[in-house]
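Have a look at the structure below before the remarks.
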Amino acid sequence: MSVVFALVDCNNFYVSCERLFKPDLRGRPVVVLSNNDGCIIARSNEAKKLGIGMGEPFFKKKAFLQQQGVQVFSSNYALYGDLSHRVMSILQQLEPEVEIYSIDEAFIRLPVQHDRTMTECALNLKERVGRCVGIPVSVGMGRTKTLAKIATSVAKEYPGYQGVFDLERCPDQEAVLATVKVNKVWGIGGRSTKKLNRQGVFTALDLKNSDGRRIRTVLGLPGLRAVMELRGESCIHLEQCPSARKSIVSSRSFRKPITSLQDLKEAVSSYISIAASKLRDQGLAAANLHVFLSTSRFRTDIPQFSGSRMITLPQATSCTPTLIKAGLRELTALYKPGYPYNKAGIMFTGLSHATMQQQNLFISAGDIRNKPLMEALDRINDYWGRDTLRYGSSGLAREWSMKQVWKSPAYTTSWTELPMVGTHQVKG
DNA sequence: TCTGGGGTCCTAGGACCC
DNA sequence: TCTGGGGTCCTAGGACCC
């Protein structure tokens with residue numbers, strides 16, 4: 001039996017999440033900012049029409065946004081993550097073969113049915129998510145994931161389709177592909193677009209009709225895959241079970257540049273604490289710890305430094321104090337005084353299951369003794385909030401911490417921030 | 001004077017994604 | 001003054017081995 005891929009994509013997801021609790025913002029321009037209120041990373045359709053680009057630095061647009069009455073939000077990942085989970089649950093209830101691809105997208109494999117039934121199925125998904133969660137979605141269908149992606153962009157672009165477009169049963173598929181610029185094809189980014197343009201390839205249709213061997217030499221394997229997928233040969237399969245994580249990163253830009261090793265130590269300790277609790281949450285242990293540090297690449301007026309160091313631990317671990325100790329040692333070796341640093345971070349690699357560790361005769365059993373402590377720490381922070389208990393090395397004043405001026409409440413994930421309906425007190 | 005060839009593994013960096 | 005963060009895969013090149 002042949003199948004098609006459907007892609008369910010939440011419209012302007014972060015903006016839709018914010019609007020859910022502020023319905024008066026419907027029809028009005030809204031943007032959501034990245035961490036540290038740095039860039040614009042989500043825009044409502046009204047904001048897009050004002051010419052606000054994806055990824056634009058906020059400080060450059062601030063005056064314009066104010067003048068146009070655009071509502072601004074700092075990002076609230078607790079809220080977005082929770083609503084994403086609710087959307088995905090609905091899809092999984094309705095369809096057996098679902099791949100959660102990102103926070104706002106899911107691929108679904110549908111058996112090919114009668115033309116009308118397919119579209120009805122997609123409309124049903126859209127209606128159910130809208131009714132149960134309140135997030136608007138678009139659905140595109142195609143013989144491959146790449147074609148489904150294109151179909152979704154068509155569904156969003158032309159209101160006449162009511163948010164659902166089936167490219168597989170489109171009478172003139174090639175005419176549609178001719179309207180899609182090649183940089184909109186999944187897997188073709190800015191660098192590849194320049195190379196393709198030099199080869200005379202400008203649209204998705206051009207790429208589809210290109211010589212695969214030539215594209216392979218220009219773009220490598222990913223380019224060839226894009227060509228095959230556009231031709232309807234599925235190369236990227238549905239992954240229902242997420243594969244094991246290979247790395248965990250925690251990094252942030254600072255509120256303002258910092259120069260002292262002491263401040264950097266606090267930041268790095270805090271990032272290690274965050275990432276180590278993620279390790280434990282997923283039952284993993286890390287064998288390698290990378291520490292990195294950099295000045296702002298946008299500041300051409302100051303001396304630049306960017307570097308990283310990696311250490312392989314004597315034994316894979318998820319124990320916060322052990323990791324902090326190793327991380328601070330690496331940071332001290334990496335640190336060069338005199339530079340205004342704007343970002344630091346850490347990464348864990350060499351991940352394995354915590355229960356399947358080769359024991360080392362020559363290493364102290366400190367990490368094992370710390371296990372109940374880590375469990376208690378995680379339980380308390382899960383319940384009372386991430387920073388309730390933290391290591392002293394993470395600091396108290398935290399001059400370096402993120403800027404988040406316009407953050408909405410954690411409406412759905414914190415009892416103290418639930419939205420209020422009226423203010424009546426219950427007596428009795 | 002003249003210094004192989006092929007395989008594997010690892011790593012850093014590039015490119016891309018959301 | 002102010003420009004995100006967290007991921008994956010691929011490739012080229014170096015180290016090493018026989």
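Sequence lines set the chain letters: A, B, ... in the order given, protein chains first and strands last, and positions in each chain run from 1. Computed from heavy atoms alone, side chains included, the values below leave out hydrogens, waters and symmetry copies.
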Item to check | Close residues, residues 57-86 of chain A, relative to DNA chain C [heavy-atom separation under 4.0 Å] | outcome: A:Pro57, A:Phe59, A:Tyr77
Checklist entry - With sequence neighbours left out, what residues match A:Asp104 under side chain to side chain donor-acceptor pair (under 3.5 Å)? => result A:Ser102
Item to check | Pairs flagged by ring pair (Phe, Tyr, Trp, His ring centres under 6.0 Å) wherever residues 245-283 of chain A is involved - sequence neighbours left out | outcome: none
Item to check | Near-strand residues of residues 251-287 of chain A, defined as heavy-atom separation under 4.0 angstrom from DNA chain C | outcome: A:Ser251, A:Arg252, A:Ser253
Next on the checklist: If you only use heavy atoms from C-beta on, which nucleotide in B:dC17, C:dT3, C:dG7 is closest to the side chain of A:Tyr101?
Outcome noted: B:dC17
Checklist entry - Hey, which of A:Thr152, A:Asp9, A:Asn11 is the one that makes side-chain hydrogen bond (donor to acceptor under 3.5 Å, both in side chains) with A:Ser138? => result A:Asn11
Only distances under 3.5 Å count here; give the side-chain donor-acceptor pairs of residues 50-72 of chain A to other protein atoms, sequence neighbours excluded, each with its distance to 0.1 Å.
| residue | atom | partner | partner atom | Å |
| --- | --- | --- | --- | --- |
| A:Glu56 | OE2 | A:Gly53 | N | 2.5 |

Item to check | Contiguous Watson-Crick or G-U pair runs (3 or more, under 3.5 Å) in DNA chain B | outcome: B:5-18 with C:5-18
Next on the checklist: Between P on C:dT1 and CG on A:Asp37, what's the gap in Å once rounded to a whole number?
Outcome noted: 18 Å
Checklist outcome for this item: note: A:Ile103, atom CD1; C:dG4, atom P; distance rounded to Å ~ 19 Å
Next on the checklist: Holding to side chain to side chain donor-acceptor pair (under 3.5 Å), I want the full list of residues that pass it with A:Asp378, two or more places apart in sequence or in another chain.
Outcome noted: A:Arg280
Would you give me the side-chain donor-acceptor pairs under 3.5 Å for residues 346-353 of chain A, sequence neighbours excluded?
| residue | atom | partner | partner atom | Å |
| --- | --- | --- | --- | --- |
| A:Thr349 | OG1 | A:Asn288 | ND2 | 3.2 |
| A:Thr349 | OG1 | A:His290 | NE2 | 2.9 |
| A:Ser352 | OG | A:Gln357 | NE2 | 2.9 |

Checklist entry - Nearest-Å distance, CH2 (A:Trp186) to P (B:dC18)? => result 8 Å
Checklist entry - In the 5'-to-3' direction, what one-character label does each nucleotide of nucleotides 9-16 of chain C receive under the scheme B = base within less than 4.0 Å of a protein heavy atom, S = sugar-phosphate only, - = no such atom? => result SSS-----
Item to check | Atom of A:Thr295, atom of A:Pro340 and distance for their closest heavy-atom approach | outcome: CG2-O, 3.3 Å
Next on the checklist: Output the rounded distance in Å from CE (A:Met54) to P (B:dC17).
Outcome noted: 12 Å
Checklist entry - Do NZ/NE/NH1/NH2 and the carboxylate oxygens of A:Arg225 and A:Glu229 come within less than 4.0 Å? => result no
Item to check | A:Trp186 ring center near A:Phe5 ring center (under 6.0 Å) | outcome: no
Next on the checklist: Filter on side-chain hydrogen bond (donor to acceptor under 3.5 Å, both in side chains), then keep only pairs touching residues 236-248 of chain A, sequence neighbours left out; what's left?
Outcome noted: A:Arg245-A:Gln282
Checklist entry - Does a side-chain N-to-carboxylate-O contact under 4.0 Å join A:Glu46 and A:Arg19? => result yes
Item to check | A:Ile248 CD1 - C:dG6 P separation (whole Å) | outcome: 11 Å
Item to check | Gap separating the CE atom of A:Met228 from the NZ atom of A:Lys208, nearest 0.5 angstrom | outcome: 12.5 Å
Item to check | C:dC16 and B:dG4, which share atom name C1', separated by this distance in whole Å | outcome: 15 Å
Checklist entry - A:Ser408: what forms a side chain to side chain donor-acceptor pair (under 3.5 Å) with it, not counting sequence neighbours? => result A:Glu18, A:Asn76
Checklist entry - Should the pair A:Tyr339 and A:Tyr341 be assigned to parallel (<30°), tilted (30 to 60°) or perpendicular (>60°) ring geometry? => result tilted
Item to check | Those residues of residues 288-306 of chain A lying under 4.0 Å from DNA chain C by at least one heavy atom | outcome: A:Phe298, A:Arg299
